[in-house]
S.K.: 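One structure, pasted below without further comment.
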Amino acid sequence: MNFIRDDVSKHTNVFDVLKERGFIKQTTHEDEIRDLLGKEKIKFYIGFDPTADSLHVGHFMQVIIMMYMQKYGHTPIVLIGSGTAMVGDPSGRSDMRQMMTNDTIFENSRKFEKLFGKFIDFSGDKAIIDNNADWLTKLNYLQFIRDIGRHFSVNRMLTAECFKQRMESGLSFLEFNYMIMQSYDFLELYKRYNCKMQFGGDDQWSNILGGVDLVRRELGEQVYGMTFALLTTSEGIKMGKTQKGALWLDETKTSPYEFYQYWRNVEDADVRTCLSMLTFLPMEEVEALVSLEGAEINKAKEKLAFEVTKLVHGEEEAVKAQEGAKAAFSGGASLENIPTTKMAAADFEGDGLGIVSIIHQLNLVPSKGEAFRTIEQGGLMIDDEKVTDARLMITKEMFTDGKLLIKKGKKIFHMLDIN
RNA sequence: GGGGGGAUUCCCGAGUGGCUAAAGGGGGCGGACUGUAAAUCCGUUAGCUGAGCUUUCGGUGGUUCGAAUCCACCUCCCCCCA
């Protein structure tokens, strides 16, 4: 559980550390927050709605923040938003979320909890995990709108950024309540744990402000909020999206090799942001890596990919992924770490199997039509030889030591193993 | 409650009876160029192991030799007025 090196930063106030790394986007009271974080050990929370069965890179950013905070002595409260997930956050969405069944939400929550345990130390009282279903599901409507609803001005809510883009496409009353639910969470956590701050991605700004205001109005207490830059590419597109969907932290959903490759392939312009936000390398080291010129920047990308993969999947997997990538792209290194699928030797007896169905089965192409196209366009290689005939049959004799290397396009390598 | 406008292939968006598996753009995929980068250029982009066949234009039923296009009903969405 010792992810962050002691020499990660020269600063001793975690606020300065986060600032140095470019995380901080907006704060409710910059000076007071810096002061508070320097003087006191506080409790703070970040909410995560279990809308999927795994955390993705966006969540991971928030996890990293909690890791820093914990490293510097503060206590993270991980709030699983099973209750808020039943409402659905409209922030940054152009349409309403699919309604989820309670069972799905419950299932997802369990998986979230497990993943958090990998990064945050919950031993003793070093961190807290709670779930807002605990209080939100018990609310009495009438009581709630009288006690809490009266503090919210609809006029003001409607001007909030998070609702703006929905003013045209439509916003249901259900979703409109999301902000109030999240605000109530802050109030509840303040009462339960004396939680003084809420963090979140910058898209959470309005929701966080709502909570800060509510605590002040209801209890007359000052609490604080802070948002962090979203991890986006230099073009402003959210990072961590692949054509298959999000980049997941769960290795069964995104393999460590794929995960490694994603970071290995980021654009030059994004290397600095990624290194500073997703790795715990000291900033001097980050600067040194980023200053590499031309093709040399690949060294920085390798380091980035390795460090992030190590953080998420452990050193062993990171080494494997790196070895596999090196073997595939630059040759030399051992081929055993390239993504491999085992198949029965018997399948390749006699006439063997058609190449098209093989690559389709391996999920290298989404359909057989795509497989044909790939071959027609010269995008498929077997053991370094271009496949020209889509009806090519793969037989046992074509394997060397029971292995066959398939390359699709420039970047996808896959080993077939019949041993 | 009244009036108006919509729903098109991964997304946006054209298409108002056959020439439409459906323009154009985005995205994806393949190629060239490169540094496993960016930019650019070329090709490609429903499924089925080629020609051929099957499924697609919110849903259901109908008109027609023939429908994404016409008709009826239904569902959902948006806008204006209350």
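Letters A, B, ... mirror the listed sequences (proteins, then strands); counts begin at 1.
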S.K.: Which value, in whole Å, describes the distance between the C1' atoms of nucleotides B:rG13 and B:rG17?
M.R.: 22 Å

S.K.: Students often get this wrong, so: under 4.0 angstrom with heavy atoms, is A:A325 touching a base, only sugar-phosphate, or nothing?
M.R.: base

S.K.: Report the distance from atom CG of A:L187 to atom CD1 of A:I148, rounding to the nearest 0.5 Å.
M.R.: 5.5 Å

S.K.: Ring pair (Phe, Tyr, Trp, His ring centres under 6.0 Å): which pairs involve residues 311-331 of chain A, sequence neighbours left out?
M.R.: A:F259-A:H313, A:F329-A:F413

S.K.: Using atom P of each nucleotide, how far apart are B:rG24 and B:rG2 to the nearest Å?
M.R.: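 Those two atoms are separated by 43 Å.
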
S.K.: N/O contacts under 3.5 Å, protein versus nucleotides 45-49 of chain B?
M.R.:
| unit_1 | atom_1 | unit_2 | atom_2 | d |
| --- | --- | --- | --- | --- |
| B:rG47 | OP1 | A:S367 | OG | 2.8 |
| B:rG47 | OP2 | A:R373 | NH2 | 3.2 |
| B:rC48 | OP1 | A:K368 | N | 3.2 |
| B:rC48 | OP2 | A:K368 | N | 3.3 |
| B:rC48 | OP2 | A:G369 | N | 2.8 |

S.K.: Can you run down the ring pair (Phe, Tyr, Trp, His ring centres under 6.0 Å) pairs that involve residues 282-307 of chain A, sequence neighbours left out, and say none if there aren't any?
M.R.: none

S.K.: Holding to side-chain contact (heavy atoms from CB on, under 4.5 Å), I want the full list of residues that pass it with A:D103, two or more places apart in sequence or in another chain.
M.R.: A:T101

S.K.: Taking only residues two or more places apart in sequence, or in another chain, which ones meet A:S9 in a side chain to side chain donor-acceptor pair (under 3.5 Å)?
M.R.: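 For A:S9 the side chain to side chain donor-acceptor pair (under 3.5 Å) partners, ignoring immediate neighbours, are A:E20.
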
S.K.: Rounded to whole angstrom, note down the P distance from B:rC10 over to B:rA46.
M.R.: 10 Å

S.K.: Could you give the distance separating B:rC29 and B:rG18 at their P atoms, to the nearest angstrom?
M.R.: 36 Å

S.K.: Which residues pass the side chain to side chain donor-acceptor pair (under 3.5 Å) test with A:T254, not counting sequence neighbours?
M.R.: none

S.K.: When only distance counts, do a donor and an acceptor, one from the side chain of A:Q261 and one from the base of B:rU36, lie under 3.5 Å apart?
M.R.: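 Indeed, a donor on one side and an acceptor on the other fall under 3.5 Å apart.
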
S.K.: Output the rounded distance in Å from CD (A:E376) to C1' (B:rG31).
M.R.: 13 Å

S.K.: For the P atoms, the ones on B:rA23 and on B:rG43, what distance do you get once it is rounded to whole angstrom?
M.R.: 16 Å

S.K.: Over all strands shown, is A:I375 touching base, sugar-phosphate only, or nothing at heavy-atom distances under 4.0 angstrom?
M.R.: nothing

S.K.: Please name all residues satisfying side chain to side chain donor-acceptor pair (under 3.5 Å) with A:E315, sequence neighbours left out, ordered by chain then number.
M.R.: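 Checked A:E315 against side chain to side chain donor-acceptor pair (under 3.5 Å); zero matches.
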
S.K.: Give me the distance, rounded to whole Å, that separates B:rA82 from B:rG6 when you measure between the P atoms they each carry.
M.R.: 24 Å

S.K.: Checking side chain to side chain contact (heavy atoms under 4.5 Å, CB included) against A:D268, which of A:N298, A:L292, A:I297 comes through?
M.R.: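 Exactly one pass, corresponding to A:I297.
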
S.K.: Mind checking side chain to side chain donor-acceptor pair (under 3.5 Å) for A:D417 and listing every partner two or more places apart, or none if nothing turns up?
M.R.: A:K342, A:N419

S.K.: On a whole-Å scale, what distance lies between the C1' atoms belonging to B:rC70 and B:rG66?
M.R.: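 About 13 Å, rounded to a whole number of Å.
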
S.K.: With sequence neighbours excluded, what pairs up with A:E287 under the salt bridge (Lys or Arg N to Asp or Glu O under 4.0 Å) test?
M.R.: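 For A:E287, the residues satisfying salt bridge (Lys or Arg N to Asp or Glu O under 4.0 Å) (neighbours in sequence not counted) are A:R272.
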
S.K.: On RNA chain B, nearest-nucleotide positions of A:K386 versus A:N298: which is more 5'?
M.R.: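 The residue mapped nearer the 5' terminus is A:K386.
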
S.K.: Under a 3.5 Å threshold, yes or no: a donor from one side chain and an acceptor from the other, between A:Q204 and A:Q198?
M.R.: no

S.K.: Give the dot-bracket string for RNA chain B, reading 5' to 3', where a pair is Watson-Crick or G-U wobble with both distances under 3.5 Å, ( ) marks pairs inside the strand, [ ] marks pairs crossing earlier ones, | marks a partner on another strand, and . marks unpaired.
M.R.: (((((((..(((.....[.....)))((((((.......))))))(((...)))...(((((..]....)))))))))))).

S.K.: Measuring only the C1' atom in each nucleotide, how far is B:rC80 from B:rC11? A whole number of Å is fine.
M.R.: 29 Å

S.K.: How would you summarise protein contacts on nucleotides 38-43 of chain B per nucleotide, using B for base, S for sugar-phosphate only and - for none, with heavy-atom distances below 4.0 Å?
M.R.: S----B

S.K.: Could you pick out which residue, A:K408 or A:E302, lies toward the 5' side of RNA chain B when each is mapped onto its nearest nucleotide?
M.R.: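 With A:K408 and A:E302 compared, the 5'-side residue is A:K408.
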
S.K.: Across the strands shown, which category fits A:E296 at heavy-atom distances under 4.0 angstrom: base, sugar-phosphate, nothing?
M.R.: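 The residue A:E296 makes no contact with any strand.
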
S.K.: Scan for ring pair (Phe, Tyr, Trp, His ring centres under 6.0 Å) pairs involving residues 337-380 of chain A, sequence neighbours excluded, and state none if there are none.
M.R.: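 For residues 337-380 of chain A, and leaving out neighbouring residues, the ring pair (Phe, Tyr, Trp, His ring centres under 6.0 Å) pairs sorted by first residue read A:F348-A:F399.
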
S.K.: Between B:rA37 atom C1' and A:Y262 atom OH, what is the distance in whole Å?
M.R.: 14 Å

